[in-house]
Every structure is written in structure tokens, then in C-alpha cells.
K.L.:
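The structure is given below, and queries will be raised subsequently.
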Amino acid sequence: MTLNLEQIKEIIPHRDPFLLIDEIIECEPGKRVVALKQIKEDDFWFKGHFPGQPVVPGVLMLEMLAQAGACAMLMLPENKGKIGFFGGVERAKFRRVVVPGDLLRLEVDIVKMRGPVGFGSGLASVDGVKAVSAEISFALK
């Protein structure tokens with residue numbers, strides 16, 4: 001299953017400038033998702049992070065993973081119309097600097113659900129090299 005930007009907007013409520021994924025290239029609703037984000041020179045955060053040496057903030061890469069994971073969960077019919085709220089981040093590791101021109105691959109596996117609370121394992125990479133890994137939790141409301 002693949003989704004373009006307009007289809008993603010039908011699933012999660014994020015909008016420009018805070019919709020941080022461009023497309024979904026694989027998805028098994030409720031279980032796994034792979035999304036892409038093309039990092040562009042004019043992305044809003046580069047104005048201040050850092051002038052002359054643009055680097056994607058790690059916290060925004062975590063948000064990209066969360067948005068991808070939210071798509072996987074909100075594609076389930078029983079979750080239609082809900083919002084996924086960040087619950088927490090554990091074991092985040094930042095391994096590679098991400099810069100303009102990089103294509104960030106965002107993979108999230110949903111590990112378990114307890115009622116409306118879920119847990120996922122996320123990995124962001126560029127050209128097969130790990131950039132960020134983290135365990136994320138979320139609540140659906």
C-alpha cells in the first residue's frame with residue numbers, strides 16, 4: 001500500500017509547516033509503515049538550525065517517525081477520525097547527521113497496544129545508514 005501527500009492528509013491532522021512526511025511506500029495498517037521525507041534546503045527549521053551548517057533537528061526526526069506510526073494506526077477502521085498523541089520516547093539514539101538533499105526513510109513497527117495506548121519501534125535512515133532509532137509510545141483519542 002502506498003499513499004501520497006494528499007492521502008496522508010486524509011489520515012492525520014498535521015498540515016504545513018508541520019506535516020513532516022512526504023509519502024508512504026509500505027503499510028500494513030496497525031502493524032508497520034515505511035514513509036519517506038525528502039529533506040530540502042528551504043525546510044523551515046534550517047533558518048536557525050544552523051545558519052551556514054544546516055542540520056535536521058533530532059527531535060523533528062522523532063516527530064517524523066511518530067507521524068509515520070500514527071498513519072499506520074489511524075488507517076485502521078476503528079481509529080478513523082482519531083488523533084495520535086505522543087506519549088513518550090525511550091532509548092533514542094542519534095547516529096548520523098541529516099542534511100539538505102538527504103532522503104530520510106522512516107520505518108515504524110507497532111510492537112503492542114494496550115487499549116488506546118500503543119508502543120512502536122522506529123528507525124530513520126539515509127541510504128541504508130541509521131540516522132535515528134527510538135522506541136515511541138502514543139495515545140489515540
Side-chain angles (χ1 to χ4, degrees), residues 1-51 53-141:
M1 173 183 299
T2 62
L3 299 172
N4 64 29
L5 191 58
E6 292 307 311
Q7 292 167 314
I8 292 168
K9 288 180 182 179
E10 292 174 15
I11 299 166
I12 59 175
H14 302 76
R15 296 294 181 267
D16 189 49
F18 218 72
L19 177 55
L20 300 178
I21 56 176
D22 296 329
E23 67 179 304
I24 291 175
I25 59 171
E26 296 175 30
C27 188
E28 186 177 350
K31 298 196 184 282
R32 177 172 167 72
V33 66
V34 179
L36 299 176
K37 171 65 179 168
Q38 180 65 55
I39 306 301
K40 299 181 280 308
E41 285 185 37
D42 63 350
D43 283 328
F44 73 88
W45 52 82
F46 288 137
K47 291 178 187 175
H49 199 271
F50 299 102
Q53 189 175 353
V55 175
V56 178
V59 69
L60 290 183
M61 289 187 281
L62 292 173
E63 175 66 22
M64 292 171 196
L65 287 167
Q67 288 183 19
C71 285
M73 292 308 301
L74 298 175
M75 289 173 71
L76 292 170
E78 63 266 29
N79 294 331
K80 185 175 173 76
K82 293 182 180 180
I83 296 177
F85 291 93
F86 233 134
V89 177
E90 293 187 20
R91 296 185 230 345
K93 295 199 189 280
F94 302 94
R95 303 169 187 272
R96 179 193 191 281
V97 172
V98 177
V99 298
D102 285 343
L103 179 63
L104 200 56
R105 179 183 172 95
L106 306 151
E107 302 176 52
V108 179
D109 291 304
I110 305 303
V111 178
K112 66 181 171 183
M113 288 293 298
R114 281 194 195 140
V117 177
F119 301 86
S121 176
L123 172 66
S125 61
V126 176
D127 295 328
V129 178
K130 289 181 185 179
V132 177
S133 61
E135 295 176 15
I136 56 177
S137 62
F138 56 90
L140 301 178
K141 295 185 181 200

K.L.:
Would you tabulate the side-chain donor-acceptor contacts of residues 80-87 under 3.5 Å, counting partners in other chains and residues two or more places apart, or write 'none'?
P.N.:
none

K.L.:
Sequence neighbours left out, what passes side chain to side chain contact (heavy atoms under 4.5 Å, CB included) with L36? Give chain and number order.
P.N.:
E23, I25, L103, R105
K.L.:
With sequence neighbours left out, write down each residue that passes side chain to side chain contact (heavy atoms under 4.5 Å, CB included) with P54, or none if nothing qualifies.
P.N.:
F46, P100
K.L.:
Residues in salt bridge (charged side-chain N to carboxylate O under 4.0 Å, His left out) with K9, at least two apart?
P.N.:
E6
K.L.:
Going by the rule salt bridge (charged side-chain N to carboxylate O under 4.0 Å, His left out), which residues pair with R91 if we only count those two or more places apart in sequence or in a different chain?
P.N.:
E135
K.L.:
Restricting to side chain to side chain contact (heavy atoms under 4.5 Å, CB included), what partner residues turn up for E78, sequence neighbours left out?
P.N.:
L76
K.L.:
Could you check whether any side-chain heavy atom of L60 comes within less than 4.5 Å of a side-chain heavy atom of W45, counting everything from C-beta outward?
P.N.:
yes
K.L.:
Got a sec, which residues hit side chain to side chain donor-acceptor pair (under 3.5 Å) with R32, two or more places apart in sequence or on another chain?
P.N.:
E107, D109
K.L.:
Compare every heavy atom of I110 with every heavy atom of G69, then report the nearest pair and how far apart it is.
P.N.:
O-CD1, 4.3 Å
K.L.:
Hey, does the side chain of Q7 reach the backbone of N4 with a donor-acceptor pair shorter than 3.5 angstrom?
P.N.:
yes
K.L.:
Do C71 and L3 come close enough that some side-chain heavy atom pair is under 4.5 Å?
P.N.:
no
K.L.:
Between Q67 and I12, is any pair of side-chain heavy atoms under 4.5 Å apart?
P.N.:
yes
K.L.:
Strictly below 4.0 Å, N to O, side chains only: are K40 and D102 in salt-bridge contact?
P.N.:
no
K.L.:
Apply salt bridge (charged side-chain N to carboxylate O under 4.0 Å, His left out) to R95 and list each qualifying residue two or more places apart in sequence or on a separate chain.
P.N.:
none
K.L.:
Which atoms form the tightest heavy-atom contact between V33 and A72, and what is the distance?
P.N.:
CB-CB, 3.9 Å
K.L.:
For D43, check side chain to side chain donor-acceptor pair (under 3.5 Å) against everything at least two apart and list the hits.
P.N.:
none
K.L.:
So M113 and L140, do their side chains get closer than 4.5 Å, heavy atoms only?
P.N.:
yes
K.L.:
Taking all heavy atoms of S133 and all of L123, pick out the closest pair and write down the distance.
P.N.:
CB-CD1, 4.2 Å
K.L.:
If the condition is side chain to side chain contact (heavy atoms under 4.5 Å, CB included), which residues does A35 pass it with, not counting sequence neighbours?
P.N.:
I21, I24, A68, L106
K.L.:
Are any of the side-chain heavy atoms of D16 and F44 separated by less than 4.5 Å?
P.N.:
no
K.L.:
Among H14, M64, M61, whose side-chain contact (heavy atoms from CB on, under 4.5 Å) with L20 holds?
P.N.:
M64
K.L.:
Starting from the C-alpha separation in whole Å, work towards a yes-or-no answer on side-chain contact (heavy atoms from CB on, under 4.5 Å) for V55 and H49.
P.N.:
CA-CA 6 Å; V55 175; H49 199 271; 4.2 Å; yes
K.L.:
So which atom in I136 and which in A66 form the shortest heavy-atom distance, rounded to 0.1 Å?
P.N.:
CD1-CA, 4.0 Å
K.L.:
Looking only at heavy atoms, which two atoms of A134 and V89 are closest? And how far apart?
P.N.:
CB-CG1, 4.1 Å
K.L.:
Could you grab the distance from atom CG of L19 to atom CG of L5, nearest 0.5 Å is fine?
P.N.:
5.5 Å
K.L.:
According to salt bridge (charged side-chain N to carboxylate O under 4.0 Å, His left out), who are the partners of E41, at least two apart in sequence or on a separate chain?
P.N.:
none
K.L.:
Considering only residues two or more places apart or on different chains, which pairs with a residue in residues 112-132 satisfy salt bridge (charged side-chain N to carboxylate O under 4.0 Å, His left out)?
P.N.:
none
K.L.:
Counting C-beta onward and ignoring hydrogens, is there a side-chain heavy-atom pair between I39 and V56 closer than 4.5 Å?
P.N.:
yes
